[in-house]
S.K.: 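One structure, pasted below without further comment.
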2 protein chains.
Amino acid sequence: MKKVISLILMGCGGVGRQLLQHIVSCRPLHAKQGIHLRVVGVSDSKSFVVAPDVSTMELADNSLLQLCRIKSDGSSLHTLAASGQVEVFTDSESTKKIIDVAALLGKSTGLALVDCSASSETIPLLTQAVDLGCCIVMANKKPLTSTMEDYDKLISHPRHIRHESTVGAGLPVISSLHRILSSGDPVCRIIGSLSGTLGYVMSEVEDGKPISEVVRSAKTLGYTEPDPRDDLSGMDVARKALILARLLGWRINLDDIKIECLYPKEMAPGVMSVEEFLGTGLLLLDKDIKERVSKASLSGNVLRYVCVIEASRCEVGIQELAKDSPLGRLRGSDNVLEIYSRCYNDQPLVIQGAGAGNDTTAAGVLADIIDIQDLFP
Amino acid sequence: MKKVISLILMGCGGVGRQLLQHIVSCRPLHAKQGIHLRVVGVSDSKSFVVAPDVSTMELADNSLLQLCRIKSDGSSLHTLAASGQVEVFTDSESTKKIIDVAALLGKSTGLALVDCSASSETIPLLTQAVDLGCCIVMANKKPLTSTMEDYDKLISHPRHIRHESTVGAGLPVISSLHRILSSGDPVCRIIGSLSGTLGYVMSEVEDGKPISEVVRSAKTLGYTEPDPRDDLSGMDVARKALILARLLGWRINLDDIKIECLYPKEMAPGVMSVEEFLGTGLLLLDKDIKERVSKASLSGNVLRYVCVIEASRCEVGIQELAKDSPLGRLRGSDNVLEIYSRCYNDQPLVIQGAGAGNDTTAAGVLADIIDIQDLFP
């Protein structure tokens, strides 16, 4: 008996395109497992490409791959309309059409909305889709780090939602935490390095390199966002910390988290251009970081940019940690998470590995989609 | 809407009893999640205690806890019959009754058979139950390491089976491997230290202690089986390696695995008593291990008892590993597993933590039970 999982992909940046390619290349594997992933629509921020009749038709693999090429080239999804095999809707029509499809399939054959965007704009759509009986799979951190009201809505059917790739890319962080919690093993402390970029930066400054030089080479290597301050602000790590804390049942918001920003407000994006920041701003950070590294080193410690969730404390920032701890030993861009609970008290449960990259992130999303198969008829 | 998961527990040794206690103490948590675990029967090697009418009745929490006390005291499950609240069947009647319950509930309200025994005798029961539409949750390694025929039968409905606690106790090893594989990320190498006992022994001999002394103190600390040769033979690790290899799709049996036994056949259980082995046998192992430890140390390496699965090789035994690797750094009784795949190639995905203990093992079983809830009506 074949299991058919219908889905709409929202967002076709790097992760979304990689997901479509994984779906197509996994066809033989999934067929062997009796699963068929049926992509009925794909949206980006402007348009929605959809099969003409979603009840009986899906987007063909060649359309999906063509769509990936079109987006890689920076073209509009409208280009696809020329084939005549798909319909393309734009702007508010696009949102309306997605809701129509969700209403049609949500409670009949089932539908998963897969959010691989990085936008807050999907939130109203996702919350409506939940009410229409849809499943939600997310790599997008924004919906889960919005208001508690949105959060409660999104997780109102906890089995209908998966979001492994919101923390540590494909690393089995969320699924493992779910397992621990559902077995009644209370988690009392989480500490982790959840930014590949900041992991790389902190392990390089440990070797005595000035942070200005390290950030510039990280940017050259493609490890940072186009504006490296998006990494250095700690906001991305704070969103991940919030997702973990809420998973533990904490009813907090982003502004309840103490966040250490690695640059002063005089160098904020509104005040200073990226070029200025990279050219002159960064140099002003060297002395302080160098001093902190040296001071830590005197006690046999190293600096790591971590998230800590314990007791009533949820914060992200630089911490001095023993060189000889899983976090202290971390080198390069790997992520690591230590979970302490009743079962893992003396020694934590440690999960470590690549925590970034389109391939790994998309693999995490795909594993989530396969994981909800029992909810489909 | 409440989700009711009916189950029969097979085996009420340490893990089984701990599971019953977890189930009872998690009642408020699971009620909040809309889940009710309905234990309709519990069996040990001789008897089966069952609710008088499994369609409408379950074993009450006070019966479950009384059952735990009876088994802790070493008494027979028959003692429970006195309460009049349960029925007790013995020997072949017991097996027959379990099959009756499986046939009655398997395809109606659903039933999970939870195997926390350490016996091969459950295999015929489990394979029949699979045909009757039941789910299977196992901490018992024997059924999955029997013949390929039994294995194929057991996994014939892959979504109906969970067995996290067969490898690394509650550590999220099996669930993480499933995620990686289902996302089409091919695993090319697994290396791990999967015996808390041998992990402890190898890290202690690294410090220069004779293995004879280390094994004796491990026994005193309760880290070993009553006959420590059950650990030193490597058979337990080999079973775990076989489970992992078969998960990767390898069609091999236990005797295809190269197993390094840490004592010579002249000291085997049939030839030498436990007392003799602990008294004089063990002393004869000291010289060789001491020499191997020294030799490894000259190259900056340490010895670890590991399982390796890669290319066409599946073996368990002592390996010389870099002191500065996740496995080399391992101390004490933690388990660690490194998984290499397309997504985790330069650096592996590492999962580390307590890999033994009744509490952790039972928590893994309970998480598995909760994980199959979508298969219940």
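Below, chains carry the letters A, B, ... as their sequence lines are ordered, and counting in each starts from 1.
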S.K.: So, B/R331 and B/S203: side-chain donor and acceptor under 3.5 Å apart, yes or no?
M.R.: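 Distance-only check fails for B/R331 and B/S203.
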S.K.: With the threshold set at 4.0 Å, does a side-chain nitrogen-carboxylate oxygen contact exist between B/K107 and B/D131?
M.R.: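 Answer for the salt bridge query: no.
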S.K.: Let me know if B/S182 has heavy atoms under 4.5 Å from chain A in its side chain, its backbone, both or neither.
M.R.: both
S.K.: With a 4.5 angstrom heavy-atom cut-off, could you sort out which part of A/L29 is near chain B: side chain, backbone, both or neither?
M.R.: side chain
S.K.: List the steps and the verdict of salt bridge (Lys or Arg N to Asp or Glu O under 4.0 Å) for A/D374 and A/R159.
M.R.: CA-CA 10 Å; A/D374 298 326; A/R159 299 293 294 177; over 6 Å; no
S.K.: For A/L181, which atoms come within 4.5 Å of any heavy atom of chain B: side chain, backbone, both, or neither?
M.R.: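 For A/L181, the contact with chain B is made by the backbone alone.
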S.K.: Which answer fits A/P348, side chain, backbone, both or neither, if we ask what part of it has an atom under 4.5 Å from a heavy atom of chain B?
M.R.: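 Just the backbone, heavy atoms under 4.5 Å.
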S.K.: With only heavy atoms counted, which part of A/D359 is less than 4.5 Å from chain B, the side chain, the backbone, both or neither?
M.R.: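 Both parts, heavy atoms under 4.5 Å.
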S.K.: Looking only at side chains, do A/S193 and A/R304 share a donor and an acceptor under 3.5 Å apart?
M.R.: no
S.K.: Run A/D185 and A/Y344 through side chain to side chain contact (heavy atoms under 4.5 Å, CB included) and show every step you take.
M.R.: CA-CA 9 Å; A/D185 183 14; A/Y344 305 101; 4.2 Å; yes
S.K.: Scan A/N345, A/I191, A/I190 and name whichever one has a side-chain contact (heavy atoms from CB on, under 4.5 Å) with A/Y340.
M.R.: A/I191
S.K.: Non-hydrogen atoms of chain B under 4.5 Å away: do they reach the side chain of A/D368, the backbone, both or neither?
M.R.: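 For A/D368, backbone and side chain are both near chain B.
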S.K.: I would like to know whether A/R246 and A/D152 meet salt bridge (Lys or Arg N to Asp or Glu O under 4.0 Å); could you show each step before the answer?
M.R.: CA-CA 10 Å; A/R246 285 180 169 178; A/D152 287 339; over 6 Å; no
S.K.: Counting heavy-atom pairs closer than 4.5 Å to chain B, which one of A/G353, A/A354, A/P158 comes out on top?
M.R.: A/A354
S.K.: Name the region of A/S175, side chain, backbone, both or neither, that has any atom closer than 4.5 Å to a heavy atom of chain B.
M.R.: side chain
S.K.: Could you tell me whether the side chain of B/I174 reaches within less than 4.5 Å of the side chain of B/H163, counting heavy atoms only?
M.R.: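 They are in side-chain contact.
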S.K.: Under 4.5 Å heavy-atom distance to chain A, tell me which part of B/D334 shows up: side chain, backbone, both or neither.
M.R.: side chain
S.K.: Who among A/R342, A/E338, A/H22 has the most heavy-atom pairs with chain B under 4.5 Å?
M.R.: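 Counting heavy-atom pairs under 4.5 Å, the top option is A/R342.
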S.K.: Heavy-atom distances under 4.5 Å only: say whether A/H178 touches chain B with side chain, backbone, both or neither.
M.R.: neither
S.K.: With A/V167 as reference, evaluate A/L247, A/L194, A/L177 under the side-chain contact (heavy atoms from CB on, under 4.5 Å) test and give the passing residue.
M.R.: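 Among A/L247, A/L194, A/L177, the one that satisfies the side-chain contact (heavy atoms from CB on, under 4.5 Å) with A/V167 is A/L194.
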S.K.: Under 4.5 Å, counting heavy-atom pairs only, tell me which of A/I369, A/I372, A/D371, A/V336 racks up the most with chain B.
M.R.: A/D371
S.K.: Quick one: of B/V350, B/I35, B/I180, B/L366, who has the most non-hydrogen atom pairs under 4.5 Å with chain A?
M.R.: B/V350
